Amino acid sequence: MAHPAFAPSNVALITGAASGIGLAIARLCASHGMKLLLTDINGALLAEVARTFTVPVEAVEMDVGDRGAWSLVKGKVDTVFGGRVDLLVLNAAIAPTVAWEDVDAFRKLFETNVFGVLNGIAEFLPVLRDRPDPAARAIVIVGSKQGITNPPRNPAYNASKSAIKSLAEHLSFDLRATPVSVHLLVPGWTYTGFMVAVGITEKPAGAWTGDQVAERMAEYMKKGQFYIVCPDNDVTEETDNKRIAWAAGDLIEGRPALSRWREEWADRHKEFMEK
């Protein structure tokens with residue numbers, strides 16, 4: 001049995017669906033006979049992908065950071081799917097490395113990664129929350145381990161995903177007495193379009209596929225779990241848990257920020273991980 005949102009003829013709205021994890025989730029939904037509304041900023045690739053499905057599909061080229069574009073998506077939901085959404089997957093994101101001095105690049109990243117999620121919630125929360133029937137529906141927000149353990153070298157991306165984690169937690173709490181479940185999907189190392197964009201044309205052995213992430217998502221949604229943290233072929237669940245615990249320990253124990261990556265803390269971190 002799957003989460004009840006994965007029911008035949010239910011409607012899934014998925015952002016960033018032309019490739020990677022978004023496309024994998026779309027395939028998972030299609031395997032359950034769901035109808036799909038797929039969005040992506042890459043309209044040509046999205047149109048190509050949409051033709052591969054046998055279930056009803058609507059493809060909308062859009063920038064999730066553009067608030068006005070969401071009203072167009074809502075119009076498509078109203079006219080094609082009778083105003084119904086059962087599964088909302090807010091997945092679209094960008095991950096450039098941004099210099100501290102490049103405030104415009106910070107803003108663009110936040111517009112996509114944070115406000116792209118907020119725009120989707122603002123537009124479709126009433127659709128899911130206020131529907132009068134008691135049928136279960138779900139919102140999945142795609143975060144990142146970088147928003148939890150906060151590794152150095154990309155503060156803009158990490159901060160955006162940390163914000164997403166906090167927003168998802170609050171949304172889950174606020175919807176606790178409704179038929180809408182909320183889930184934070186936290187992929188591990190996953191072979192996606194981000195890797196292809198930087199010239200990695202074959203999946204590294206250590207990385208999961210998008211399909212593996214989608215399957216993990218479905219498994220933990222069925223269990224009713226909010227945090228869906230994915231391992232990969234190199235990093236186990238135990239290692240993830242220890243890294244998360246160490247990061248929290250910086251605050252609790254008064255260690256310097258990001259101590260895991262500081263040379264003077266290397267031996268103590270190694271000892272902690274080997275316990």
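What's counted below: heavy atoms across the whole structure, side chains too, no hydrogens, waters or symmetry copies. Residue indices begin at 1 and follow the sequence shown. For clarity, every value in this text was computed on a predicted model and none was experimentally measured.
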### Message
Ring of Phe110, cation from Arg107 - is the NZ or CZ under 6.0 Å from the centre and inside 45° of the axis?
### Response
no
Under a 3.5 Å distance rule, please check whether [X] uses its side chain to pair with a backbone N or O of [Y] as donor and acceptor.
X: Lys161; Y: Val142; value: yes
X: Thr15; Y: Asn91; value: yes
X: Asn158; Y: Gly147; value: no
X: Ser160; Y: Tyr157; value: yes
X: Ser172; Y: Glu169; value: no
X: Asn10; Y: Ala5; value: yes
X: Arg243; Y: Asp240; value: no
X: Thr190; Y: Gly188; value: yes
X: His183; Y: Gln225; value: yes

#### Entry: Within residues 41-89 or reaching into it, pairs that qualify as ring pair (Phe, Tyr, Trp, His ring centres under 6.0 Å) - sequence neighbours excluded
none
What pair of heavy atoms forms the shortest contact from [X] to [Y], and how long is it?
X: Met62; Y: Val73; answer: SD-CG2, 3.4 Å
X: Pro187; Y: Ile21; answer: CG-CD1, 3.5 Å
X: Lys145; Y: Pro231; answer: NZ-CA, 4.1 Å
X: Val114; Y: Ala163; answer: CG2-CB, 4.1 Å
X: Val235; Y: Asp232; answer: N-OD1, 2.6 Å
X: Arg262; Y: Ala257; answer: NE-O, 2.7 Å

Are [X] and [Y] close enough that some pair of their side-chain heavy atoms sits under 4.5 Å apart?
X: Val213; Y: Ile25; result: no
X: His3; Y: Leu87; result: no
X: Val229; Y: Glu237; result: no
X: Leu109; Y: Val98; result: yes

For residues [X] and [Y]: do they belong to one hydrophobic cluster (side chain heavy atoms under 4.5 Å, members Ile, Leu, Val, Met, Phe, Trp, Tyr)?
X: Val80; Y: Val55; answer: no
X: Leu36; Y: Phe6; answer: yes
X: Ile164; Y: Val89; answer: no
X: Phe106; Y: Leu167; answer: yes
X: Leu185; Y: Met34; answer: yes

Partner residues of [X] under the side-chain contact (heavy atoms from CB on, under 4.5 Å) criterion, sequence neighbours left out:
X: Glu238; value: Thr236, Lys242
X: Arg51; value: Ala47, Glu48
X: Ala50; value: Val57, Ala59
X: Asp63; value: Ile41, Asp66, Lys108, Thr112

### Query
Is there a donor in the side chain of Gln212 and an acceptor in the side chain of Tyr191, or the other way round, less than 3.5 Å apart?
no
### Task
Show your working on side chain to side chain contact (heavy atoms under 4.5 Å, CB included) between Val11 and Val77 and close with a plain yes or no.
CA-CA 9 Å; Val11 178; Val77 168; 5.8 Å; no
### Partners meeting salt bridge (Lys or Arg N to Asp or Glu O under 4.0 Å) with Lys222 (sequence neighbours left out)
none
### Residue list, salt bridge (Lys or Arg N to Asp or Glu O under 4.0 Å) with Asp250, at least two apart or on another chain
Arg255
When rounded to the nearest 0.5 angstrom, what is the spacing between [atom1] in [X] and [atom2] in [Y]?
X: Ser166; Y: Leu171; atom1: OG; atom2: CG; answer: 11.0 Å
X: Lys74; Y: Ser71; atom1: NZ; atom2: OG; answer: 10.0 Å
X: Ile228; Y: Met221; atom1: CD1; atom2: CE; answer: 6.5 Å
X: Leu28; Y: Ile14; atom1: CG; atom2: CD1; answer: 8.5 Å
X: Asn233; Y: Thr209; atom1: CG; atom2: OG1; answer: 8.5 Å

### With sequence neighbours excluded, residues passing ring-ring contact (aromatic ring centres under 6.0 Å, His included) with Trp189
none
### Summary
Using a 4.5 Å side-chain heavy-atom cut-off and chaining through intermediate ILVMFWY residues, the residues clustered with Trp265 come out as Trp246, Phe272, Met273
### Query
For Trp261, what are the other residues in its hydrophobic cluster, where any two members join if their side-chain heavy atoms are less than 4.5 angstrom apart?
Leu258
Donor-acceptor pairs under 3.5 Å, side chain of residues 118-140 to any protein atom, not counting sequence neighbours: which ones?
residue: Asn119; atom: ND2; partner: Val64; partner atom: O; Å: 3.0
residue: Asn119; atom: ND2; partner: Phe115; partner atom: O; Å: 3.1
residue: Glu123; atom: OE1; partner: Arg67; partner atom: NH1; Å: 2.8
residue: Glu123; atom: OE1; partner: Arg67; partner atom: NH2; Å: 3.3
residue: Arg131; atom: NE; partner: Asp133; partner atom: OD2; Å: 2.7
residue: Arg131; atom: NH1; partner: Val85; partner atom: O; Å: 3.4
residue: Arg131; atom: NH1; partner: Asp86; partner atom: OD1; Å: 3.1
residue: Arg131; atom: NH2; partner: Asp86; partner atom: OD1; Å: 3.3
residue: Arg131; atom: NH2; partner: Asp133; partner atom: OD1; Å: 3.4
residue: Asp133; atom: OD1; partner: Ala135; partner atom: N; Å: 2.9
residue: Asp133; atom: OD1; partner: Arg137; partner atom: NH1; Å: 3.4
residue: Arg137; atom: NE; partner: Leu128; partner atom: O; Å: 2.7
residue: Arg137; atom: NH1; partner: Asp133; partner atom: O; Å: 2.8
residue: Arg137; atom: NH1; partner: Ala135; partner atom: O; Å: 2.6
residue: Arg137; atom: NH2; partner: Leu128; partner atom: O; Å: 3.0
residue: Arg137; atom: NH2; partner: Arg131; partner atom: O; Å: 2.8
residue: Arg137; atom: NH2; partner: Asp133; partner atom: O; Å: 3.4

### Task
Answer yes or no: does atom NZ of Lys223 have more than 12 heavy-atom neighbours from other residues, nucleotides or ligands under 6.0 Å?
yes
### Query
How about Glu264: does its CD atom have over 12 heavy atoms from other parts shown lying under 6.0 Å from it?
yes
### Message
Quick test of your reading: applying side chain to side chain donor-acceptor pair (under 3.5 Å), list the pairs with at least one residue in residues 29-45, sequence neighbours left out, ordered by first then second residue.
### Response
none
